[in-house]
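Written out below as structure tokens is the structure these notes cover.
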Amino acid sequence: MGLAENYIPTPNQFQEVFTNQEAFAAIVLLAIAADGNLEPEQAEKMCGTLSRIRLFHNYSQDSMNKMFEKLLDVLQSSGLNALFNTAKESLSPQLRESAFAAATDLLLCESIITEEERYFLRDLCQALGLETDIANKIVEVMTIKNRA
């Protein structure tokens with residue numbers, strides 16, 4: 001066993017199932033980190049966005065912080081793909097369009113969307129099994145929302 005094997009996560013290290021809230025938050029977290037950066041302002045916007053969603057109404061600030069700590073731990077210990085796959089598999093079908101909308105909203109609120117973020121949205125749409133016309137409508141509405 002080499003030294004690198006202790007530090008490079010393998011795809012099968014994380015086998016847990018997320019709650020709907022964790023899965024939803026993981027997708028939004030991955031969206032704002034899609035360009036390779038996770039700025040404190042982005043994390044604040046993400047928390048603000050999630051706190052307005054009915055799914056998170058019962059979450060206190062402490063509960064929200066603990067959930068994000070868990071997600072960041074999974075990201076650091078098992079990697080981006082493990083976090084993404086677990087979130088995708090854990091999220092209920094009824095919440096997939098909403099998660100895509102929240103992710104899109106947070107990306108578009110920055111006014112400049114990077115190529116990495118565009119690819120992420122395309123991959124997210126496919127991974128969540130969304131119909132292209134529905135995803136395009138969501139992007140269109142979020143673009144209009146974030147114009148102001």
Side-chain angles (χ1 to χ4, degrees), residues 9-148:
T10 60
N12 296 326
Q13 279 184 328
F14 190 75
Q15 298 294 321
E16 189 173 328
V17 174
F18 289 151
T19 65
N20 273 318
Q21 290 88 347
E22 291 167 340
F24 196 103
I27 287 170
V28 173
L29 174 66
L30 289 164
I32 65 169
D35 64 356
N37 296 315
L38 182 58
E39 303 294 329
E41 301 85 35
Q42 291 173 309
E44 288 175 25
K45 284 181 187 177
M46 180 178 58
C47 287
T49 296
L50 293 179
S51 69
R52 290 186 301 273
I53 295 172
R54 194 173 342 158
L55 186 64
F56 295 94
H57 276 199
N58 293 330
Y59 269 58
S60 66
Q61 187 62 47
D62 187 49
S63 297
M64 194 78 76
N65 289 341
K66 286 179 183 175
M67 178 181 62
F68 281 115
E69 284 177 26
K70 176 182 177 178
L71 298 176
L72 289 171
D73 285 346
V74 172
L75 181 62
Q76 291 173 342
S77 66
S78 300
L80 183 108
N81 289 337
L83 182 63
F84 182 80
N85 290 331
T86 303
K88 172 186 73 164
E89 293 167 13
S90 300
L91 189 66
S92 73
Q94 298 85 356
L95 293 173
R96 290 176 182 210
E97 290 174 359
S98 298
F100 183 81
T104 302
D105 186 27
L106 280 169
L107 290 179
L108 292 174
C109 76
E110 294 178 10
S111 73
I112 298 174
I113 188 164
T114 67
E115 201 64 28
E116 293 91 353
E117 292 167 336
R118 286 182 204 274
Y119 289 135
F120 176 82
L121 286 177
R122 184 198 65 210
D123 293 345
L124 180 61
C125 172
Q126 291 173 352
L128 295 178
L130 301 181
E131 294 180 22
T132 305
D133 61 328
I134 299 274
N136 286 333
K137 286 178 185 176
I138 290 170
V139 172
E140 182 181 347
V141 169
M142 291 305 156
T143 299
I144 292 167
K145 176 190 175 280
N146 286 292
R147 262 190 220 150

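Values reported hereafter were calculated over all heavy atoms of this structure, with side chains retained and with hydrogens, waters and symmetry mates removed.
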What's the spacing between R147 CZ and L108 CG if we round to 0.5 Å?
11.0 Å

Starting from the C-alpha separation in whole Å, work towards a yes-or-no answer on side-chain contact (heavy atoms from CB on, under 4.5 Å) for Y119 and T114.
CA-CA 9 Å; Y119 289 135; T114 67; over 6 Å; no

If you round to the nearest 0.5 Å, how far is CD1 of I53 from CG of L95?
9.5 Å

Which heavy atom of M46 sits nearest a heavy atom of F68, and at what distance?
CE-CE2, 3.3 Å

Would you compute the distance between atom NE2 of H57 and atom CD of Q21 and round it to the nearest 0.5 angstrom?
12.0 Å

When every non-hydrogen atom of A87 is compared with those of A23, the smallest separation belongs to O-CB, 3.5 Å

For residues E69 and N65, is any side-chain donor paired with an opposing acceptor at under 3.5 Å?
no

Per side chain to side chain contact (heavy atoms under 4.5 Å, CB included), F84 is matched among L124, L29, L75 by L124

Can you confirm whether I27 sits close enough to F100 that some side-chain heavy atom of one is under 4.5 Å from a side-chain heavy atom of the other?
no

Minimum heavy-atom separation for S51 to G48, with atom names?
OG-O, 2.8 Å

Would you say the side chain of F18 lies within less than 4.5 Å of the side chain of L83, judging by non-hydrogen atoms?
yes

Measure from the side-chain N and O atoms of R96 to the backbone N and O of C125, and report whether any donor-acceptor pair falls under 3.5 Å.
no

Which value, rounded to the nearest 0.5 Å, describes the distance between L107 atom CG and E116 atom CD?
11.5 Å

Work out which heavy atom in L91 is nearest to a heavy atom in A99; give both atom names and the distance.
CD2-CB, 3.7 Å

About how many Å separate NZ of K45 and SG of C109, when rounded to the nearest 0.5 Å?
4.0 Å

Could you check I113 against R118 for side-chain contact (heavy atoms from CB on, under 4.5 Å), going step by step and ending with a plain yes or no?
CA-CA 7 Å; I113 188 164; R118 286 182 204 274; 3.6 Å; yes

How long is the span from the CE atom in M67 to the CG atom in L50, to the nearest 0.5 Å?
6.0 Å

Greater than 12 external heavy atoms within 6.0 Å of N58's CG:
no

What are the two closest heavy atoms between N20 and S90, and how far apart are they?
OD1-O, 3.6 Å

